[in-house]
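Below: one structure, written as structure tokens.
Convention: sequence-line order gives letters A, B, ...; per-chain numbering from 1.
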Amino acid sequence: MKYSSIKGMSDIMPSEISAWQKLESTALEVFGLYGYLEIRTPIVEKTDLFVRGIGSNTMVVEKEMYSFKDISDDMLSLRPEGTASVIRAYIESGAYQAEGIAKYVYIGPMFRRERPQKGRYRQFHQIGVEAIGLSDPLIDAEQIAMGDFFFKKLGLSDFTTEINSLGCKKCRPEYNKVFGEFLKTKHARLCADCQRRILTNPLRAFDCKNPDCIAAIKEAPLIGSHLCKECSDHFLSVQKRLNQLGTKFVVNHKIVRGLDYYMRTAFEYTTDKLGSQNAIAGGGRYDGLVHDLGGPNLPGVGFAIGMERVIMLMQASNLAAAAESDMVFFALLGETAREKAIPVINSLRQDGIKIELDYDGHSLKSQMRRADKMAAHTVVIIGDEEVAKGKAVIRNMRTKEQEEVNIGDLARHFVRIEV
RNA sequence: GUGGGCGUAGUUCAGCGGUUAGAACGCCUGGCUGUGGCCCAGGAGGUCGGGGGUUCGAAUCCCCUCGCCCACCCCA
């Protein structure tokens, strides 16, 4: 094979496209009910936008971005996530002047140069939402509940909604210090990775699968008991609202975010059905990000859904079935029949009827086989006998009933579908 | 970036030193000269990922290389 797709970037072929379309249309529909409007931003941005937005010492920015120098010497990057672009567009368009509050939903590909594995790809797709301009915990809760509802609306049930508070600029450093001190006392018992994490991202130690580490940090202080008054109140309020909204959730103080802009509320939707990559969506609050990117000091909260992971979960739950075919097949025998049929087919298609036909003069048997394979519900047969009479045979593939009609009357025999 | 597994027909895989490399499914043709699914018969389709080596002989053993997958890391 001379050419193949780039590692970690795969084709989505027609056989699996209906699941994607279902996912996208359900998202736009459900999030639309909550007031989210679709936004489309470029896939490429100035590298600096992501460095500022995501944080210069995050793994994503340090190692995973596809960056290149444009001819004009600008450093550009393929977007590794969607929030920074959306906030940039919000600021650049001046949308905050008109409304202040804005809710956006976006769908599209993201790029991270990681080592691919199940549920993790170099080009992957996210559906994301951002609510900008609201600091009331009600919006956190509403968004978490919306995501939960969205997955249920898709028909999924094998997932858990988990929430946490990461604290703020005031209390998180204090907690990190306490937790860091704790880890140092256990230093000798920790694996090499966790010893490194003490310096880089201590909270990651909670994710470690090493049994010794799990035992060592069993008694570790949790962020929940170290939040400042404001953060604690906010978190409790989020939980109260979630209960009010009837959304089941689990508090998990071990949820960590990989991007620097998150503070206070963090949440994930997780599943145990997808192997190692267990989060199908994740997000949180990012007060301060809009300001950091050059806009007014407005709060925000958002989350992103990993589409490939959701599709896999849909497949595992038998929710990714192909759409029913509403195709009509034209079996044409001989050149005269074809001459006669071409304008008729054209006009029927323009009336909204899906039609496939035989282009290469195969035998009727072979055309019937093809019609069956594409699950045509009706086959229109036009051969020499029919042409001579100006008629066509209409065969119902399910009942096997056939009738003969005038070619000019074909349109009347098909249900009119909206064009 | 680190580790492990695997690359044989369109697909999933068997063969793991010895004649012309197999199966299932899929595809094509015919049985049914103008009627699909089921059945039956036949057919097409493979530089055994690539390169080098060992051997009388390599898909099979060794080395290198490329690719895919899974896990770590990290994350959606």
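Between the CZ atom of A:Phe150 and the P atom of B:rA76 there is a distance of 17 Å, given to the nearest Å. Atom C1' of nucleotide B:rG34 and atom CD1 of A:Ile382 are separated by 14 Å, given to the nearest angstrom. Rounded to whole Å, the distance from CD1 on A:Ile6 to P on B:rC66 is 15 Å. Remark: P of B:rA76 and CD of A:Glu130 are 12 Å apart, rounded to the nearest angstrom. Spacing between atom CE of A:Met9 and atom P of B:rC69 amounts to 13 Å, rounded to whole angstrom units. The distance from atom CG of A:Asp358 to atom C1' of B:rG34 is 13 Å, rounded to the nearest whole Å. Distance, A:Glu308 CD to B:rC70 C1': 18 Å, rounded to whole Å. One can place CZ of A:Phe206 at 19 Å from C1' of B:rC73, the figure rounded to the nearest angstrom.
Proximity of A:Leu78 to A:Phe68: side-chain heavy atoms (C-beta onward) are separated by under 4.5 Å at one or more points. Residues A:Lys46 and A:Arg88 form no side-chain contact, since every pair of their non-hydrogen atoms from C-beta on lies 4.5 Å or further apart. Contact check for A:Met263 versus A:Arg172: side-chain heavy atoms found under the 4.5 Å cut-off.
For B:rU35, the base has a donor-acceptor partner in the side chain of A:Gln402 [N/O atoms by modelled type, under 3.5 angstrom]. No N or O donor and acceptor, one from the side chain of A:Arg370 and one from the base of B:rC27, sit under 3.5 Å apart. For A:Glu64 against B:rG1, no side-chain N or O and base N or O form a donor-acceptor pair under 3.5 Å. Between the base of B:rG26 and the side chain of A:Lys373 there is no donor-acceptor pair shorter than 3.5 Å. With hydrogens and angles ignored, no donor-acceptor pair under 3.5 angstrom links the side chain of A:Arg112 to the base of B:rC74. For A:Gln117 against B:rC73, a side-chain N or O and a base N or O form a donor-acceptor pair under 3.5 Å.
Only the P atoms considered, B:rU11 is 27 Å distant from B:rA58, to the nearest whole Å. Remark: the separation of the P atoms in B:rA24 and B:rG36 is 24 Å, to the nearest Å. Taking the P atoms as reference points, B:rG30 lies 48 Å from B:rA71, given to the whole Å. Straight-line distance between the C1' atoms of B:rC62 and B:rG43: roughly 40 Å, to the nearest whole Å. Taking the C1' atom of each, B:rC13 and B:rC68 are spaced 16 Å apart, rounded to whole Å. Rounded to the nearest Å, the gap between the C1' atom of B:rG17 and that of B:rU54 is 12 Å. Comparing the P positions of B:rG22 and B:rC48 gives a spacing of 14 Å, expressed to the nearest Å. Using C1' as the reference atom, B:rA21 and B:rG46 are 9 Å apart when rounded to the nearest Å.
Pairing for B:rG3 is with B:rC70, a Watson-Crick or G-U wobble pair whose two hydrogen-bonding atom distances lie under 3.5 Å. Both distances falling under 3.5 Å, in either a Watson-Crick or a G-U wobble arrangement, occur for no nucleotide opposite B:rG37. Searching all strands for a Watson-Crick or G-U wobble partner of B:rA23 with both distances below 3.5 Å returns B:rU12. Base pairing of B:rC56: its partner is B:rG18, meeting the Watson-Crick or G-U wobble criterion (both donor-acceptor distances under 3.5 Å). Pair assignment for B:rG46: none, as no Watson-Crick or G-U wobble contacts are both less than 3.5 Å.
Considering only the side chain of A:Leu259, B:rA76 comes nearest among B:rG37, B:rA76, B:rU35. Out of B:rG34, B:rU29, B:rC73, the shortest distance to the side chain of A:Met59 is found at B:rC73. For A:Arg395, the listed nucleotide lying nearest its side chain is B:rU35; candidates were B:rC74, B:rU35, B:rA71. The side chain of A:His362 lies closest to B:rU29, out of B:rG36, B:rU29, B:rA76.
Tested against A:Asp140, the residues A:His234, A:Arg241, A:Arg264 include a single side-chain hydrogen bond (donor to acceptor under 3.5 Å, both in side chains) partner, A:His234.
The side chain of A:Lys118 contributes no N or O atom lying less than 4.0 Å from OP1 or OP2 of B:rA71. A sub-4.0 Å separation between OP1 or OP2 of B:rC72 and a side-chain N or O of A:Ser276 is present. Within the 4.0 Å cut-off from OP1 or OP2 of B:rA76, at least one side-chain nitrogen or oxygen of A:Arg257 is found. A sub-4.0 Å separation between OP1 or OP2 of B:rA76 and a side-chain N or O of A:Gln126 is absent.
Counting any heavy atom pair closer than 4.0 Å across all strands shown, A:Lys365 reaches a base atom. Counting any heavy atom pair closer than 4.0 Å across all strands shown, A:Ala371 reaches no nucleic acid atom. Nucleic acid contact for A:Ile127: none, since no nucleic acid atom lies under 4.0 Å from a heavy atom of the residue. Using a 4.0 Å heavy-atom criterion, one finds that A:Tyr121 contacts the bases of the nucleic acid, with or without backbone contacts as well. A:Gly128 comes within contact range of no nucleotide atom at all, as no heavy-atom separation falls under 4.0 Å. A:Glu268 comes within contact range of no nucleotide atom at all, as no heavy-atom separation falls under 4.0 Å.
Counting only N and O atoms by type, the side chains of A:Tyr261 and A:Thr83 include a donor and acceptor under 3.5 Å apart. With 3.5 Å as the limit, one finds no donor-acceptor pair spanning the side chains of A:Tyr66 and A:Gln123. A side-chain donor from one of A:Thr161 and A:Asp148 sits under 3.5 Å from a side-chain acceptor of the other.
Using a 30° and 60° split on the angle between ring planes, A:Trp20 and A:His125 fall in the perpendicular class, above 60°.
When all heavy atoms of A:Ala95 and A:Tyr104 are compared, the pair lying nearest together is CB-OH, 3.6 Å.
For A:Val60 and A:Arg115, each mapped to the nucleotide of RNA chain B holding its nearest heavy atom, the one lying further toward the 5' end belongs to A:Arg115. Of the residues near RNA chain B, A:Leu333 and A:Gly119, the one whose nearest nucleotide (by heavy atom distance) lies more toward the 5' end is A:Leu333.
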